[in-house]
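What follows is a single structure, written as structure tokens, with notes after it.
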There are 2 protein chains.
Amino acid sequence: MNFTQFELLRLLQETGFNQSKAATRLHLVQSAVSRQLQLLEEELGSPLFERQGKKLLGLTPLGERVLVQVERISLAKQNIQAIAADARDSGNGSLRIATTHTQAKYLLPEPIQKFREKYPGVSIYMIQSSPDDIIQLLHHHRADIAICTERLSEDSKLIVRPCYEWRHIAIVPHRHPLAKGVLSLERLASFPVLTYSPGFTGRSTIGKAFGNAGLTLDVALSAADSDVIKTYVRLGLGVGVIAGTAYEPGNDGDLVALDLAQLIPGSQTKIAYLKHLYLPACLEYFIRELLKGEGKDS
Amino acid sequence: MNFTQFELLRLLQETGFNQSKAATRLHLVQSAVSRQLQLLEEELGSPLFERQGKKLLGLTPLGERVLVQVERISLAKQNIQAIAADARDSGNGSLRIATTHTQAKYLLPEPIQKFREKYPGVSIYMIQSSPDDIIQLLHHHRADIAICTERLSEDSKLIVRPCYEWRHIAIVPHRHPLAKGVLSLERLASFPVLTYSPGFTGRSTIGKAFGNAGLTLDVALSAADSDVIKTYVRLGLGVGVIAGTAYEPGNDGDLVALDLAQLIPGSQTKIAYLKHLYLPACLEYFIRELLKGEGKDS
DNA sequence: TTGCGTTACGACTCTCGTAAGGATG
DNA sequence: CATCCTTACGAGAGTCGTAACGCAA
């Protein structure tokens, strides 16, 4: 029973119960892993893994219950290291932000600039990925905080806090027919639409709004990235539906932004971090900055 | 960073930061403790303890934050052992009940008998103590479950669940003047009273009831134990005020029980166990039995 | 002097890596 | 025969206990 053995358990699950891969990630040889596994199972008195011959297939019910506790231990141990690092020098360290392109480009610049001024010694890692991946990054301790609009709610291991509300807009070139006249979901749906990939930046909200109106969207192109969408809107591929915050009057003067507030419900961008995770001074500051203006504490 | 070092931290706090005592409880010599402490502080990079010369005085702010995580680790580790023991043989093991005399004698016999029938292999340790001690026993992992009436509410580390409601009664010998006539707080207070020691079995409720009525109690004798009180009531020392459940018609026929339901508010006996503690099958069963009839789940 | 903590050193235990071998597809 | 796991064995690291020392009440 030691930390290495517990870390091993976690890695075995992550690697699909492959001892060789787990060994590599622990900087050990495979035989050491095999032995530690035997020792642990022997100490606990019953097998933690389902086996077929010598190969590991998965966890036993016992193994699963144990793993829950192991995750707690792993988290608490990381917390201790974070607490100590914070005490040694709270102006140092790293901040790993997992988020989507839209947030990284349009929401975060200002808070990150303020953060940088206060904590010039902290390295910021911006990890861009899909919302599904982002949550996995949190769970696997590969990111400290997640910022995104979707997939952040029904997870008991996370603390999720609302960060800010925003609206979708439609963008079209000036010459586009939609630039003039009254806007409606029906009229919008009559054009090819360019918007976010499923799972990104409120795409589900868009889908629901049209679905409820009995309309089917002709999605000509979907991308994770507001800027990619803008590019193809400029090429005349159709109507772009993007986050309102992604429209930059300075750079996007060639495009007309059409307010969809009456047509598509608002979206809420949230921040999330692991429950029971120690928040270093700098991370706490960053979260406070992000929540500023929102006012709602929980 | 290993489990021994963390266990050491916990023990140092328990022993008042005395390395020698902590060493003994870890079955080590004192010099080993000294070295492990240095290694841990060196690894974390800053001191965990306030020192005066060589003597340890207490925890630094860092040390306190670390200790919180250490307690989580310790608990999770114990959980793993409990889970494994439970899986090896859920009919075996032990059940450590911390409670007061009144509960042990008048509430628990029936549930424990049922428990014993279902789990004949489980050793039951009945730890009788004061409510204050009982809570400490839980925190120090020296008891699995606490059952008592007082001091069980404002602790965020515990899960507290109401178990049953009961009332106080007054007991007097047949010849006593109080055995006849109308009962009132005033009349009761005019006699010497024998009741529970402060902190025991609803003593605070009794005190408040008389206090609110502007009466001072003449407590001739207080004891932790209903049977002791009965004994001295029989000797004519005064009026006994005890839990209604402690009156046994069979054995206490020489005493008159007077209902105090209209005079003293009811008390609630609760059960408590550590949050995040793994409940072995037998403990889960025992808790379910205790809550039966209460119906309220939370 | 007694109690408490640190430092030095030898002995022992533990765990690793190397290497060889068995099982499985 | 390639992958995955187990077992045997020697080398090295880590931790303990003994013992000697420093310091304060």
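Lettering follows sequence order; numbering is per chain, from 1. Below, all heavy atoms of this structure are taken into account, side chains as well, without hydrogens, waters or symmetry copies.
Of the possible polar contacts, none joining the Lys270(B) side chain to the Arg161(B) backbone as a donor-acceptor pair under 3.5 Å is found. A donor-acceptor pair under 3.5 Å is formed between the side chain of Gln5(B) and the backbone N or O of Asn2(B).
One interatomic measurement links the two molecules: CD of Glu42(A) to C1' of dC14(C), which rounds to 14 Å at whole-angstrom precision. Computed from coordinates, the Gln38(B) CD to dT7(C) C1' distance equals 8 Å when rounded to whole Å. The CZ atom of Phe49(A) sits 16 Å away from the C1' atom of dT6(D) (whole-angstrom rounding). In this structure, CE of Met1(A) is placed 16 Å from P of dC14(C), rounded to the nearest angstrom. Between Leu37(A) atom CG and dT15(C) atom P there is a gap of 14 Å when expressed in whole angstrom units. Lys55(A) places its NZ atom 16 Å from the C1' atom of dG22(C), with the value rounded to the nearest Å.
Here the straight-line distance linking atom CG of Leu277(A) with atom CD of Gln78(A) works out to 8.0 Å at 0.5 Å rounding. Interatomic distance, Tyr232(B) OH to Leu194(B) CG, rounded to the nearest 0.5 Å: 9.5 Å. Taken to the nearest 0.5 Å, the CD1 atom of Ile83(B) stands 10.0 Å off from the CG atom of Leu67(A).
Contact detail for Thr60(A) and Pro47(A): the closest heavy-atom pair is OG1-O, 3.1 Å.
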So which protein nitrogen or oxygen atoms get under 3.5 Å of nucleotides 12-16 of chain D's nitrogens or oxygens?
unit_1, atom_1, unit_2, atom_2, d
dC16(D), OP2, Gln36(B), NE2, 3.1

If you restrict it to nitrogen or oxygen atoms, what contacts under 3.5 Å exist between nucleotides 19-25 of chain D and the protein, and what is each distance?
none

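Applying the ring pair (Phe, Tyr, Trp, His ring centres under 6.0 Å) rule to Phe3(B) yields the partners Phe3(A), Phe6(A); only residues at least two apart in sequence or on another chain are considered.
A 6.0 Å sphere centred on NE2 of His140(A) holds more than 12 heavy atoms belonging to other residues, nucleotides or ligands.
Look at Ser34(A) and you won't find any side-chain N or O under 4.0 angstrom from OP1 or OP2 of dC5(D). Between Gln30(B) and dG3(C) there is no side-chain N or O to OP1 or OP2 distance below 4.0 Å.
Applying the salt bridge (charged side-chain N to carboxylate O under 4.0 Å, His left out) test to residues at least two apart or on different chains, none of the pairs has a partner in residues 82-93 of chain A. Counting only residues at least two apart or on different chains, the salt bridge (charged side-chain N to carboxylate O under 4.0 Å, His left out) pairs with a member in residues 28-57 of chain B are Glu41(B)-Arg51(B).
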Run the salt bridge (Lys or Arg N to Asp or Glu O under 4.0 Å) test on Glu14(B) and Arg25(B) for me, step by step, so that the C-alpha distance in whole Å, both residues' side-chain angles and the decisive distance to 0.1 Å come before the verdict. CA-CA 11 Å; Glu14(B) 274 190 37; Arg25(B) 291 191 38 186; 3.0 Å; yes
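Taken residue by residue, residues 15-23 of chain A places heavy atoms nearer than 4.0 Å to DNA chain D at Phe17(A), Asn18(A), Gln19(A), Ser20(A).
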